[in-house]
Amino acid sequence: MSTSDWKPAIMLRCILLLCFIVLPQALRGEEIDFEEQILPILEDRCLYCHGEDEQESGLRLDLRARMLRGGDSGLPAVVPGKPDKSYLVEVINHVDEDMAMPPDDDKLPAEEIDLLTRWIQAGAVVPGQMEDVASERSDHWAFQSVVRPEVPSIDGVAAAPKTLSVIDAFLLRSLADQGLSYSPPADPRSLIRRVSIVLTGIAPTPEQTDAFIEASKLDSEQAYTELVDRLLQSPHFGERWAQHWLDVIRWAETNGSEANLYRKNAWIYRDYVVRSFNEDKPYDEFVQEQIAGDSMGAGEATGFLVAGPHVPAATVGREPAAIRQARADRMDEIMQTVGASVMGVTIGCARCHNHKFDPITIQDYYSMTGVFQDVEFGSRYPEFAADHPRRQRGEAIWKEIAKQRRVLRQAGSWEENWGAFREMHFQPITTTAIRVRFKMANVGLDELEVFGPENYGENLAHKRRGTKVSGFPEDGFEGRNPIRRVNDGEYGTMTWRAKTEKDAEQKPYVRFDFEHPETISRIRLSSNREYYFDTDYLDKKPYLPRYEYDVDIMKSDGSWQPWVGTWHTNTQLDKDHPERKPSLKKIQNQIDLLSEEGPRPSFVGRFVRPDVTRVLLRGSPENPRDEVDPAGPAIFGGDLGLTQQAPGPKRRAEFAKWITSEENPLTARVMVNRLWHHVFGAGIVTTTSDFGTAGAAPTHPELLDWLAAEFVDPTDSANAAWSTKAMIRQMVLSAAFRQSSAPRPEGLAKDAGSALLWRFPPKRVEAEVIRDSILQASGSLDRTIGGRSYRIHNEKKTYAQWEVVKNYGPETWRRMLYQERMRRVDDQMFTAFDFPDCGQVRDKRPVSTTPLQALNLMNSDFVISQSELIAERAERESGAELKAAVIRCFELLLVRQPEPDELNACLEMARQTSLSLVCRTLLNTNEFAFLP
């Protein structure tokens, strides 16, 4: 066949082939009639469960807008033009048998699936509904803007106190509606005990009480106002209110996992909180620093983000799926902390599906995780402002280290031991490659870093700089510990492990090839730096073996030149230059001093490069879906204008500004309600960390909004915006706070729980108040503010449990705030008094009554030893006369003198047993353990 013969034949075949391919596709793209083709399928297969009358899983398929929104899964059922993104197409195709639809019937016929798919591809047209939009809305009171209400008039209110505040105006109106009024004022003795404990957590001394009673006789209003102002300025105020905040965020000094490892230097966050309350740091700034303190000169504040429990890498293991799951769990801990403490919303409920009660979607949840994608549980050197005392001290120590380094540099290279890593210093040299040859058969490194004389902390060997790593063995021990881990920037258990035979000709080595010539002057080795920084108090502490190695640099001709070596550094140079040893010793002393007094690696979170954030279907990292940008919940206007490319610090900084903006309806409401709870014993909203629809309704909604508005924009020019102290001051100066706590029949009949505050509600004080008051009564209380926590536990093996060694010795006589706070550990004393286990958010402590409480206050080692000290003090201060000593015991513990019958009974007990037993008896009275 000639060329002219076969060309038309080929052309004809091509035409026919195109007809077979293109014509059906053209037919498939024809317009689909929703009423005739799609609606019958939905009515027959779907609408009995997902229609107007019933919406299982929150999904409704008779309205286009609701299809676009999706159901409780949080995924849109229909994405016009994108069947591959439409959850409806996925479930009818039985991609996941657990979510196959219809659930109890056979799979839809292929032609019906095809029709639905093509309808979505063509735009999911539903006549008459194309403009409808289903957006998240809520008329729930807490999600509305704060509007300052008018202050009610209190003219004509029966039994109104002489001195009334705006708070009283709202409360008295509610009481009047119920035919109730305030109770008479509390007596001065009860009032000073009440306000002292509420504001500082420490009961007043007998001398302070007597002075206040005398001052009240002259001018009770002035005496009380001056007392309140003095207590607000006390350094113990910050300790008291820090304890409340730490409860809410579940802060502790162990991670709570199976290993329950100690979190090294986590206490610097606790001290930050104490300092912030004492300085009356504006609450909006307080919140912002805890979210983005690394860019605000308050790096220790980000301990807030990692306050919750987590499982460490060693426990997670190396299975990729387990690692992904653990990461998702850690992000959820951050969501719980931020949501409960600041927002008062149970954000975590939207992890697997749309929130069941509140307008928080699964997209909202993962958008919010996107804000914190750069946060990881662990330690770092906190960023401090120039005037931070720890930074100033650190700079002074670094100057001394630099001085000694100048001495050593004259003699050659040297090695420094920083605990977490060892660092070799040598004369600067410019090269394109470096090789570290080890002299031993076993090597384990999580990171090998290279630095130059410029840009002190920049790792020139990091893979992000384009540095290539190679060496022997490249795959590591048993092929499971590859060499690429030594320059991935990650410290921890993911290490390069090399093992060769002792007499092997080839020993382990690491080679770095730089993208361009680099000037180098230091190398740093670590084997599990994260473990060293993060934990402590183990009987087998993490350490870095002293590796012997030689360092070679590549010359311009491609050959290797030996440059430094550990043997030469540690041995020969010391012989040749005796002056090295004193300088090396001074450097090591300064390194130890720096770790104690300067900036130190502390468990306040570390930062990583943010990953792409995706919605995880049913909360599973193994089922990632669409990407979402960093944002707050849409219902609160949480669009931050950020994309996935935004750096981590910017994400958190923008979120911090948004969450503390005056337009945010929750932040101020939640905090003033929290303050109210700790002043009056119950919040205006009793579910203090859940302002959603499943939470309690406010008892005084207008008062709550007035307080929130006043918090942000005070009407009194003497008060600063967002001032915690000013808000607390208003509360404790109110007539409501100053009432008697005595019961009244008419009040109990109408409001047995005292929610309307017709009296001050009596309550048992917390474990810390009981313990600290006992120490004060004995004269043993160490009032030092801040610093390392005192220990009552042993050093333990990694997976063993903590054991209480001694919880009553002199080394523990600080305020209980400073006792090491260990998750899931009974301190064998005050845990019985409802001290939280720090596993769950504890926005308010339960108040239980158990036999263990009485046993601890009667027979514990702490109480026995302290009772003996109280008795000795009473005898000493009363001239050893028994009657006077008994009276003094009453004064020290109950801040009053005994009644005649009490005195007689206690005298008889003291004669028959001991005065210390009298003290133990008084410690077990409700009068000692309750707020009057």
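Small disclaimer: the values here were computed from a predicted structure and weren't measured.
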Side-chain ([X]) to main-chain ([Y]) donor-acceptor, under 3.5 angstrom:
| X | Y | answer |
| --- | --- | --- |
| Arg546 | Arg422 | no |
| Trp802 | Asn260 | yes |
| Thr302 | Val604 | yes |
| Thr254 | Arg823 | yes |
| Gln776 | Ala203 | yes |
| Asp280 | Thr724 | yes |
| Ser867 | Ile864 | no |
| Asp834 | Arg845 | no |
| Arg380 | Gly299 | yes |
| Arg390 | Gly598 | yes |

Under 4.5 Å between any side-chain heavy atoms of [X] and [Y], yes or no?
| X | Y | value |
| --- | --- | --- |
| Pro601 | Arg529 | no |
| His793 | Val804 | yes |
| Leu227 | Ile192 | yes |
| Phe304 | Tyr272 | no |
| Phe212 | Tyr224 | yes |
| Arg263 | His310 | yes |
| Phe237 | Ile728 | yes |
| Tyr531 | Asp446 | no |

Verify side chain to side chain contact (heavy atoms under 4.5 Å, CB included) between Ile792 and Met829, making sure each step is shown before the conclusion. CA-CA 11 Å; Ile792 64 173; Met829 195 177 346; over 6 Å; no
Between [X] and [Y], what is the shortest heavy-atom contact and its length?
| X | Y | answer |
| --- | --- | --- |
| Glu908 | Gln912 | OE2-NE2, 2.5 Å |
| Arg920 | Asn924 | O-ND2, 2.9 Å |
| Arg764 | Phe833 | NH2-O, 3.3 Å |
| Ile213 | Pro188 | CG1-CB, 4.0 Å |
| Ile249 | Ser341 | CG2-CB, 3.8 Å |
| Met816 | Asp772 | N-OD1, 3.0 Å |

Should the pair Tyr269 and Trp251 be assigned to parallel (<30°), tilted (30 to 60°) or perpendicular (>60°) ring geometry? tilted
Please work out which of the three classes, parallel, tilted or perpendicular, describes the rings of Phe830 and Phe862, given edges at 30° and 60°. perpendicular
Test side-chain hydrogen bond (donor to acceptor under 3.5 Å, both in side chains) applied to Thr831 and Asp827, step by step: CA-CA 6 Å; Thr831 303; Asp827 74 348; 3.0 Å; yes
Can you tell me how far the [atom1] atom of [X] sits from the [atom2] atom of [Y], to the nearest 0.5 Å?
| X | Y | atom1 | atom2 | value |
| --- | --- | --- | --- | --- |
| Ser379 | Phe603 | OG | CZ | 6.0 Å |
| Asn856 | Leu923 | CG | CG | 12.0 Å |
| Asp229 | Ser234 | CG | OG | 12.5 Å |
| Ile774 | Leu857 | CD1 | CG | 5.5 Å |
| Ser196 | Leu931 | OG | CG | 10.0 Å |
| His677 | Ser689 | NE2 | OG | 9.5 Å |

Apply side chain to side chain contact (heavy atoms under 4.5 Å, CB included) to Val342 and Gln290, showing your working. CA-CA 11 Å; Val342 183; Gln290 292 179 95; over 6 Å; no
Between [Y] and [X], do the side chains contain a donor N or O and an acceptor N or O under 3.5 Å apart?
| X | Y | answer |
| --- | --- | --- |
| Ser780 | Ser778 | yes |
| Thr337 | Arg250 | yes |
| Arg783 | His236 | yes |

Between [X] and [Y], does any side-chain N to carboxylate O distance fall below 4.0 Å?
| X | Y | result |
| --- | --- | --- |
| Arg194 | Asp187 | no |
| Arg873 | Glu877 | yes |
| Arg330 | Glu376 | yes |
| Glu766 | Arg240 | yes |
| Glu891 | Arg888 | yes |

Does the cation-pi check pass for Lys763 over Phe680, that is, NZ or CZ under 6.0 Å from the six-membered ring centre and within 45° of its axis? no
Validate the cation-pi geometry between Lys806 and Tyr808: distance from NZ or CZ to the six-membered ring centre under 6.0 Å, angle to the ring axis within 45°. yes
Glu768/Gln819 under side chain to side chain contact (heavy atoms under 4.5 Å, CB included): CA gap, chis, key distance, verdict: CA-CA 10 Å; Glu768 295 92 332; Gln819 178 175 294; over 6 Å; no
Residues forming a side chain to side chain donor-acceptor pair (under 3.5 Å) with Arg814, sequence neighbours excluded: none
From CA spacing to verdict: salt bridge (charged side-chain N to carboxylate O under 4.0 Å, His left out), Arg391, Glu395: CA-CA 6 Å; Arg391 176 173 172 177; Glu395 288 173 350; 3.2 Å; yes
Heavy-atom neighbours of Lys586 NZ exceed 12 at 6.0 Å: no
Ring centers of Phe277, Phe286 separated by less than 6.0 Å: yes
Counterpart residues, ring-ring contact (aromatic ring centres under 6.0 Å, His included), relative to Trp813 (two or more places apart): none
Step-by-step side chain to side chain contact (heavy atoms under 4.5 Å, CB included) determination, Asn265 to Phe533: CA-CA 9 Å; Asn265 297 326; Phe533 280 162; over 6 Å; no
